[in-house]
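Okay, so here's the structure we're looking at.
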Protein chains: 2
Amino acid sequence: MPSRPPVQDLARSVYLLWGHHPAPGRSGLSVPRIVAAGLELADAEGLDAVSMRRVADQLGVGAMSLYRHVPGKDDLTALMVDAVHAEAYGDDVEAATRQGDWKDAVRYVAARNWDLYQRHPWLLDVHAARPNLGPHTSRKYETELRALDGGGLSDIEMEAALTLVLNHVAASARAHRAQTRTVSDSGMTDAEWWAAITPALTQVMTDPDLTVSARVGNTVGATFNTATSPTHTYTWGLETLLSGLTPHLTP
Amino acid sequence: MPSRPPVQDLARSVYLLWGHHPAPGRSGLSVPRIVAAGLELADAEGLDAVSMRRVADQLGVGAMSLYRHVPGKDDLTALMVDAVHAEAYGDDVEAATRQGDWKDAVRYVAARNWDLYQRHPWLLDVHAARPNLGPHTSRKYETELRALDGGGLSDIEMEAALTLVLNHVAASARAHRAQTRTVSDSGMTDAEWWAAITPALTQVMTDPDLTVSARVGNTVGATFNTATSPTHTYTWGLETLLSGLTPHLTP
DNA sequence: CATCGTAGGGTACGGCGTACGCAAACACCC
DNA sequence: GGGTGTTTGCGTACGCCGTACCCTACGATG
């Protein structure tokens with residue numbers, strides 16, 4: 001059942017992102033305070049913990065009061081994302097290009113995004129339908145595109161290359177989090193988990209064709225003590241990417 | 001509050017994945033039928049539509065009856081994923097290696113995964129904490145590793161390279177879906193959406209530093225009529241990746 | 001002091017996963 | 001056939017979620 005959202009709502013979301021929000025009411029409730037409360041919850045307990053009720057509780061306010069300031073949860077999330085994107089480069093659009101050659105610039109961009117995901121893992125759970133057009137997200141995008149500008153890539157290729165790099169960072173960060181988080185959540189290390197299922201697995205997994213995966217699994221397990229090493233995949237993959245981009249780029 | 005899951009539960013999940021499930025009860029309910037109902041719902045309406053209640057409705061059965069056959073929703077999802085992974089290569093572990101040189105093999109692997117995401121977009125929404133160890137997933141992994149085997153990559157590098165490629169496919173497929181889906185959901189094309197927010201955006205977005213992103217945005221918009229082109233990013237990114245992997249691989 | 005727009009919040013609806021425990025159907029033995 | 005123990009199926013309920021609707025009560029204004 002497609003329901004076309006009124007143009008008015010879309011405009012409202014844009015205005016909200018750019019600081020056009022209602023003045024604080026008599027209880028002192030305001031958009032910045034709501035966003036701050038949401039960020040606190042998300043950083044501490046993840047995106048799932050950010051419910052309208054819990055944000056309201058955090059502020060000593062009724063759940064429905066939030067709706068006077070924010071149209072709904074999606075907009076709140078967008079505001080949170082934009083707020084956090086301010087941390088990446090400190091509003092300095094030349095931050096990446098100053099790092100040296102283009103490879104260093106891209107490495108810097110990747111590292112800043114990696115750091116962002118470490119500081120705010122919930123960013124990995126935000127799946128917005130449309131791109132975020134907030135002020136800080138826009139400056140972040142500008143900064144990152146500049147890292148690739150003037151190297152001989154077409155505009156189309158710049159967009160694709162940046163997407164490629166950022167997707168790689170996000171996927172690696174997601175894998176990294178999945179590993180560390182399930183360890184702390186279940187109180188069970190990867191090795192313990194593996195030991196726990198091995199009996200059942202060997203009893204049941206009698207497929208004789210799994211030769212390569214068995215060898216690789218053993219090597220990886222022996223090397224990292226885990227099934228995979230997200231940080232290794234991150235750095236190795238980034239260098240591989242850079243090497244793949246090299247033919248396209250001058251100096 | 002970490003709660004260590006009993007070893008027994010982990011083993012049960014493994015057994016379940018490998019076909020050790022209770023016999024059909026008197027109402028004819030069985031694990032395969034539950035999984036089939038879940039797949040039907042997921043393919044038609046997405047993963048969110050797969051609730052225990054709706055699966056049960058589909059089968060003309062009470063919601064709680066499902067729990068006699070399946071420990072919980074996570075296990076049902078794992079079963080669904082494994083079932084669908086059977087489609088990728090038809091259990092032929094040499095399917096990729098037969099495609100020609102290693103580049104063709106990797107292109108084939110990427111294409112099969114892309115197809116899988118087109119047929120079952122809900123796969124993109126599955127975020128399992130631990131790797132799926134089902135029979136079909138295992139064979140899929142074997143098939144994909146073989147595409148990279150014997151080319152001079154170490155075991156560690158094979159794992160990283162495969163992850164790199166599969167992450168790229170998943171991210172591209174996700175972007176592709178986000179684009180087509182939000183269009184059909186909102187009844188609003190990318191161009192219409194852009195037109196709807198442009199007035200508000202130009203009024204508010206007066207940042208003079210956004211020179212490169214403005215230029216790139218215009219070029220991309222003029223070329224693809226959209227903010228981004230996921231299919232282009234997919235193919236261009238894949239070739240870039242292959243070129244980055246080339247130095248590591250012989251023939 | 002009276003009025004009134006509005007910020008704030010209470011209640012409610014329809015969803016979710018699933019813990020718990022009862023009822024009905026079956027299998028089995030006498 | 002009758003009784004009995006076990007299994008299967010499911011109804012109810014709990015605590016979450018986002019948010020629509022509407023009323024209260026406050027603050028500013030005249």
Side-chain angles (χ1 to χ4, degrees), chain A residues 1 3 5-6 8-9 12-13 16 21-34 37-38 41-42 45-80 122 125-129 185, chain B residues 1 3 5-6 8-9 12-13 16 21-34 37-38 41-42 45-80 122 125-129 185:
Chain A
M1 312 298 92
S3 67
Q8 181 188 2
D9 289 359
R12 179 176 175 189
S13 297
L16 194 60
H21 34 66
R26 57 178 179 269
S27 74
L29 203 58
S30 68
V31 169
R33 289 193 60 211
I34 293 173
L41 273 170
E45 301 183 46
L47 198 60
D48 282 352
V50 184
S51 71
M52 298 303 269
R53 278 170 240 257
R54 289 204 58 188
V55 170
D57 284 356
Q58 191 95 350
L59 295 165
V61 131
M64 296 314 291
S65 304
L66 304 179
Y67 287 88
R68 294 273 162 203
H69 300 268
V70 161
K73 201 191 170 179
D74 288 352
D75 293 81
L76 173 54
T77 308
L79 283 162
M80 288 166 58
W122 53 269
D125 299 319
V126 177
H127 295 304
D185 278 7
Chain B
M1 310 306 94
S3 65
Q8 180 188 4
D9 289 0
R12 178 177 175 188
S13 298
L16 194 62
H21 32 66
R26 57 178 178 269
S27 74
L29 203 58
S30 68
V31 169
R33 290 193 61 211
I34 293 173
L41 273 170
E45 302 182 48
L47 199 61
D48 283 352
V50 185
S51 71
M52 297 304 269
R53 279 170 240 256
R54 289 204 60 188
V55 170
D57 283 357
Q58 190 94 350
L59 295 165
V61 130
M64 294 314 290
S65 304
L66 304 179
Y67 287 88
R68 293 274 159 201
H69 298 85
V70 160
K73 203 192 170 181
D74 288 353
D75 293 81
L76 173 53
T77 307
L79 283 162
M80 289 166 56
W122 53 268
D125 300 318
V126 178
H127 295 304
D185 279 6

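Letters go in sequence order (proteins before strands), and every chain restarts at 1.
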Just how far, in rounded Å, is P of C:dC16 from NZ of A:K73? 17 Å
Which pairs, with at least one residue in residues 70-80 of chain A and sequence neighbours excluded, count as a salt bridge (charged side-chain N to carboxylate O under 4.0 Å, His left out)? none
Just the rounded figure in Å: distance from P of C:dG17 to CG of B:D75. 14 Å
How many Å lie between CG on A:L76 and C1' on D:dC17, as a whole number? 15 Å
For B:R54, what residues pass the salt bridge (Lys or Arg N to Asp or Glu O under 4.0 Å) criterion, not counting sequence neighbours? B:E45
Distance, rounded to the nearest Å, where A:I34 contributes CD1 and C:dA7 contributes P: 12 Å
Could you tell me the separation between the CG atom of A:D57 and the P atom of C:dG8, rounded to a whole number of Å? 16 Å
Taking all non-hydrogen atoms of both residues into account, name the closest pair between B:A56 and B:A63 and its distance. CB-CA, 3.5 Å
Starting at CG of A:D48 and ending at C1' of C:dC16, how long is that distance when rounded to a whole Å? 13 Å
Whole-Å distance between C:dG15 P and B:M52 CE? 18 Å
Mind checking the CG-CH2 spacing from B:L41 to B:W122? Nearest 0.5 Å is all I need. 11.5 Å
Rounded (10°) bend between the five-pair end axes of the helix from C:dC1-D:dG30 to C:dC22-D:dG9: 20°
Identify every side-chain donor-acceptor pair in residues 64-71 of chain B under 3.5 Å, counting partners at least two apart or on other chains, and give the distances.
{"from": "B:S65", "atom 1": "OG", "to": "B:G62", "atom 2": "O", "distance (Å)": "3.4"}
{"from": "B:H69", "atom 1": "NE2", "to": "B:L29", "atom 2": "O", "distance (Å)": "3.1"}

What does the B/S/- profile of nucleotides 7-13 of chain D look like, 5' to 3', with a 4.0 Å heavy-atom cutoff to protein? -BBBBBB
Roughly how far, to the nearest 0.5 Å, is the OG atom of A:S51 from the CG atom of A:D57? 7.5 Å
Less than 4.5 Å apart, side chain to side chain, heavy atoms only: is that true for B:M80 and B:V126? no
Rounding to a whole Å, what distance do you find between B:L47:CG and C:dG17:C1'? 14 Å
Let me confirm one number: the CD1-CG distance from A:I34 to A:L59, rounded to the nearest 0.5 Å. 6.5 Å
In chain order, what residues pass the salt bridge (Lys or Arg N to Asp or Glu O under 4.0 Å) check against A:D48, with sequence neighbours excluded? none
Under 4.0 Å between any heavy atoms, over every strand shown, what does B:V55 touch: base, sugar-phosphate, or nothing? Just pick one. nothing
Which part of the nucleic acid, if any, lies within contact of B:V70, taking any heavy atom under 4.0 Å across all strands shown: a base, the sugar-phosphate backbone alone, or nothing? nothing
